[in-house]
There are 2 protein chains.
Amino acid sequence: MSEPRPDASPEPSDEARLFTLFNEIGIIQQLSGTAFERVLPHGLTQAQFTVLNHCVRLGDNKTPAQLASAFQVTRGTLTSTLQRLEAKGFIEIVPDAKDGRSKRVLLTASGHAAAAACIAAAAPILTRAREALSRDEVERLLPLLTKLRVWLDENRSL
Amino acid sequence: MSEPRPDASPEPSDEARLFTLFNEIGIIQQLSGTAFERVLPHGLTQAQFTVLNHCVRLGDNKTPAQLASAFQVTRGTLTSTLQRLEAKGFIEIVPDAKDGRSKRVLLTASGHAAAAACIAAAAPILTRAREALSRDEVERLLPLLTKLRVWLDENRSL
DNA sequence: CCCATATAGTATGACACCAAACTATTGAAG
DNA sequence: CTTCAATAGTTTGGTGTCATACTATATGGG
């Protein structure tokens, strides 16, 4: 939950502007996330799609720990997402041959198809979202967001 | 959950860039949100702080429905957040005199103090976060994010 | 070889969130 | 005045997320 237009004091401090920035990001994430989820097939969620999409684009046969690290979530969070995906038949989780502690996540044919269906379902709303920002605005926004994301990632301890 | 650097195809479509943008926003929200929550006093959460902060800045005596609309969450979500805040003694929820269906949310003295404590607790990490982006970068980022947020808000149906 | 430490995965409990269903009250149309 | 649709708030069930604690397996140093 975040707050809109944290308003206009006469001359907001740098910290206040940053706070506003995080508020805006919170709302954007919430609105875009639920809009996206509403169109996904098979009752898939954003989290579940992210796993499928990762496997499609970057290959499967990763360990849960690798995936958790890639998505910046805890291993516990990923455990439950993987369990739901396995229940839907979209992935298979097998023991790692080399390391008795590890497992490997494999995309099934059905999971591959589901990922494609998600992308197809999302295309119309992404196209529609191009009304929101021009191509140029997106290109101005992205490097700054990436910079912020990288900083946060590197300063996770605080 | 979101994915980092959705990678580099030779020439990504506008839609793909937008998708990347939403991914970055998702990660930023997740990392900044948990960092913020870790420093909040009284076991307060981001959602709970947002309510207190709203009351401090924009006045209390709002209805839950008004707050839910301001924060872009469902009434059901707000119900539970308000219940937790009331249990902590930071707000009081009273019936509305005019409308038998409505209630009014009032900030207690203790709630006022808690909001101030949150802001004090957050100040160091906001100061630290100024390393992430220059003042100028924040000012370039904010209008674009606001534009995107407003568009999403106005196109909630899809 | 044994033990201390690190790592992988899991389980639990708490919170936020949504969607959908439900109750109670209001208000307007007939 | 009655009825019906809209609104306020709540409840339930499912998901994601974290923090914490737990088990099992590796690995490295005596």
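Naming: A, B, ... by sequence-line order, numbering from 1 per chain.
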Atom pair distance, as rounded to whole Å: CG in B:L78 and P in D:dT11 = 14 Å
Close aromatic pair by centroid cut-off 6.0 Å: A:H112 and A:F90 | no
Is the closest side-chain heavy-atom distance between A:F71 and A:T81 below 4.5 Å?
-> no
Ranking D:dG9, C:dC15, C:dC17 by distance to the side chain of B:T79, first place goes to D:dG9
State, with a plain yes or no, whether a side-chain heavy atom of A:V73 is found less than 4.5 Å away from one of A:L78.
-> yes
Here the residues of residues 88-96 of chain B within 4.0 Å heavy-atom distance, strictly under, of DNA chain C are none
Check whether any side-chain nitrogen or oxygen of B:Q72 sits under 4.0 Å from OP1 or OP2 of C:dC17, and answer yes or no.
-> no
OP1 or OP2 of C:dC15 sitting under 4.0 Å from any side-chain N/O of B:Q46?
-> no
For A:Q66, which contact category applies under a 4.0 Å heavy-atom criterion: base, sugar-phosphate, or nothing?
-> nothing
When all nucleic acid strands are considered with a 4.0 Å heavy-atom cut-off, which category describes B:S80: base, sugar-phosphate, or nothing?
-> nothing
Choose from C:dC17, C:dA8, C:dC15 the nucleotide whose nearest atom is closest to any side-chain atom of B:Q48.
-> C:dC15
Do side-chain atoms of A:E24 reach the backbone of A:L21 as a donor and acceptor pair under 3.5 angstrom?
-> no
Heavy atoms of B:R75 and B:A65 approach each other most closely as CD-CB, 4.4 Å
Measure centre to centre between the rings of A:F36 and B:F22, then say whether the value is under 6.0 Å.
-> no
Taking all heavy atoms of B:L52 and all of B:G111, pick out the closest pair and write down the distance.
-> CD1-O, 4.1 Å
Could you pull out the closest heavy-atom pair between B:K147 and A:L133, with the gap in Å?
-> CD-CD2, 4.0 Å
A:E37 CD to C:dA16 C1', straight-line distance once rounded to whole Å | 13 Å
Report the distance from atom CG of A:L67 to atom C1' of D:dG16, rounded to the nearest whole Å.
-> 16 Å
In whole Å, what is the span from the CD1 atom of A:I27 to the P atom of C:dC17?
-> 11 Å
B:F71 CZ to C:dA16 C1', in whole Å, measures 14 Å
How long is the line joining CD of B:E86 and C1' of D:dG9, in whole Å?
-> 13 Å
Rounded distance in Å - CD (B:Q83) to P (C:dA14) | 16 Å
Position toward the 5' end of DNA chain D (nearest nucleotide), A:R84 or B:P64 | B:P64
Shorter than 3.5 Å, N or O on both sides, protein versus nucleotides 19-29 of chain C: list them out with atom names.
residue : atom : partner : partner atom : Å
C:dT26  : OP1  : B:G100  : N            : 2.9

Could you state the atom-to-atom distance from CG of A:L44 to P of D:dG16 in whole Å?
-> 9 Å
Has B:Q30 got a side-chain N or O lying under 4.0 Å from the OP1 or OP2 atom of D:dC18?
-> yes
Going only through I, L, V, M, F, W and Y residues with side-chain contacts under 4.5 Å, is there a path from A:V39 to A:V51?
-> yes
Single hit among B:H42, B:K88, B:E37 for side chain to side chain donor-acceptor pair (under 3.5 Å) with B:Q48 | B:K88
Name the closest nucleotide to the A:T45 side chain, picking from D:dT15, D:dT17, C:dC17.
-> D:dT15
